[in-house]
Amino acid sequence: MTPAERGSGDADFRSDTVTRPCAAMRAAMAAAVVGDDVLGDDPTVLRLQERVAAQCGMEAALFVPSGTMGNQVAVKLHTQPGEELICEERSHVWVNEAGGLGLISGVQTKTLAAPSGCPEPAAIEAAIRDEDVHHPRTALVVIENTHNYAGGRVVPLPRLAAIRAVARRRGLKLHLDGARLWNAVVATKTPIARFAAEVDTLTFCFSKGLGCPVGSMLVGSRRDIERARRIRKALGGGMRQVGILAAAAEFALDHLVERLADDHARARRLATAFAALPGCRVDPATVETNIVFVERPAADAGELERRLAAAGVRAIALAADRLRFVTHRDVGDGEVARAIEAMEMATRALAAPAGRD
Ligand SMILES: Cc1ncc(COP(=O)(O)O)c(C=O)c1O
């Protein structure tokens, strides 16, 4: 392993975005045949886009720099300023995209609470505005699969199909934020095309569990993707010799999809171990993919994060009472064992009566 691949040496569970490209991925990037993709002639990007569209059973795909840009372009495609979209209240597109919905598309948002991360179809239908001069027009539903802040929960295909039926009946578009859709594909052994068949557009990321340094895909109809190309340009997302990044994405699709199952097994191992620790609330049964949330009713997640970091184990306190661990390609069985040991030490110390630490 080179120093660049090895990184800091910490067992880093903060996110699946922290992976570093391995030597074989770097070799594929170095060997990429490239052109100017804004002029439409980077052969590696064109090949990747065609491959992904075919894999999804959709007409076209567009390589974008990030999941955020893919989502924001999709919202812009499907809405007009002053309209409304419906999503779950912890959705990335609403919480974590820097206000892009208002900034870029001028839309407002109706959020729904759903512990699993995916609202009931009936709740979505009830949230659609009546045809009334006082109301915004509801234009779009955004579903996140897997759902990050719900702990990597999968939105099962029948639920997505039922939401699609509501959207069709009521004249709404449906966008799938599938930043981690490949995790759902592997966890449920469902081909990606079956998820794609239920939506108008979807995004997925290469830069998370698939281990690439950069890159996401927006997939949809030919007409939508042609328009999306112009919106991407307006947002500054037109990239030139970007076949270098597309080559990493091709490498990931060839070699790194099936291994997501290892991440899921390791996440379950973490969850099972953490559930037995003092002051930790974890339900291993809800760990379906690569994300584990540890609830700390004592609201000491920040202190726990600091103690773990001092022991060389990185996790993220996303709230005072929630610590997140994400498994990925750069954490193996050894890192999982280190995380469990560090959590045992830190949670015991925090549970000890004051002064005994
Ligand atoms: C569910 C979800 N959607 C979208 C994104 C955005 O991806 P990016 O960081 O590439 O903009 C993320 C990133 O973590 C995510 O978790």
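Counting convention: from 1, in listed order, for ligands and their atoms alike. None of these values were measured; they are calculated from a predicted model. Along the sequence shown, the residues carry numbers beginning at 1.
Here the CG atom belonging to Asn145 is positioned 11.5 Å from the CZ atom belonging to Arg180, to the nearest 0.5 angstrom. Atom CZ of residue Phe204 and atom CD of residue Gln55 lie 7.0 Å apart, to the nearest 0.5 angstrom.
The closest approach between any non-hydrogen atom of Met69 and ligand 1 is not below 4.0 Å.
Of the charged side-chain nitrogens involved, none lies within less than 4.0 Å of a carboxylate oxygen, so that Arg229 and Asp224 do not count as a salt-bridged pair. Salt bridge present: Arg240 and Asp36 bring a charged side-chain N and a carboxylate O closer than 4.0 Å.
When Val141, Leu202, Thr201 are each tested for a side-chain contact (heavy atoms from CB on, under 4.5 Å) with Leu174, only one passes: Val141. Of the listed residues (Lys110, Arg129, Arg137), just one forms a salt bridge (Lys or Arg N to Asp or Glu O under 4.0 Å) with Glu84, and that residue is Arg129.
For ligand 1, the atoms closer than 4.0 angstrom to any heavy atom of Ser66 are 10 (O), 11 (O). Atoms of ligand 1 lying under 4.0 Å from at least one heavy atom of Glu144, given by number and element, are 1 (C). Within the listing of ligand 1, atoms 4 (C) sit less than 4.0 angstrom from a heavy atom of Glu97.
For Asn96, no heavy-atom contact with ligand 1 is shorter than 4.0 Å. Counting heavy atoms closer than 4.0 Å to ligand 1, residue Thr68 contributes atoms from both its backbone and its side chain. Contact annotation: for Ala179 versus ligand 1, heavy atoms closer than 4.0 Å belong to the side chain alone.
Cluster note: Val326 groups with Val75, Leu85, Val93, Trp94, Val95, Leu101, Val107, Leu140, Val142, Tyr149, Ile291, Phe293, Ile316, Leu318 through ILVMFWY side-chain heavy atoms spaced under 4.5 Å, whether in direct contact or through intervening members.
Among all non-hydrogen protein atoms, the one lying nearest atom 9 (O) of ligand 1 is Lys208 NZ, 3.7 Å. Closest protein heavy atom to atom 10 (O) of ligand 1: Gly67 N, 2.8 Å. For atom 16 (O) of ligand 1, the closest heavy atom belonging to the protein is Arg180 NH1, 2.9 Å. Taking atom 3 (N) of ligand 1 as the reference point, the nearest protein heavy-atom neighbour is Asp177 OD2, 2.7 Å. Counting protein heavy atoms only, atom 4 (C) of ligand 1 is closest to His92 ND1, 3.4 Å.
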Practice problem: Given salt bridge (Lys or Arg N to Asp or Glu O under 4.0 Å), test Asp263 with Lys208 step by step and report yes or no. | Solution: CA-CA 12 Å; Asp263 296 345; Lys208 301 200 165 61; over 6 Å; no
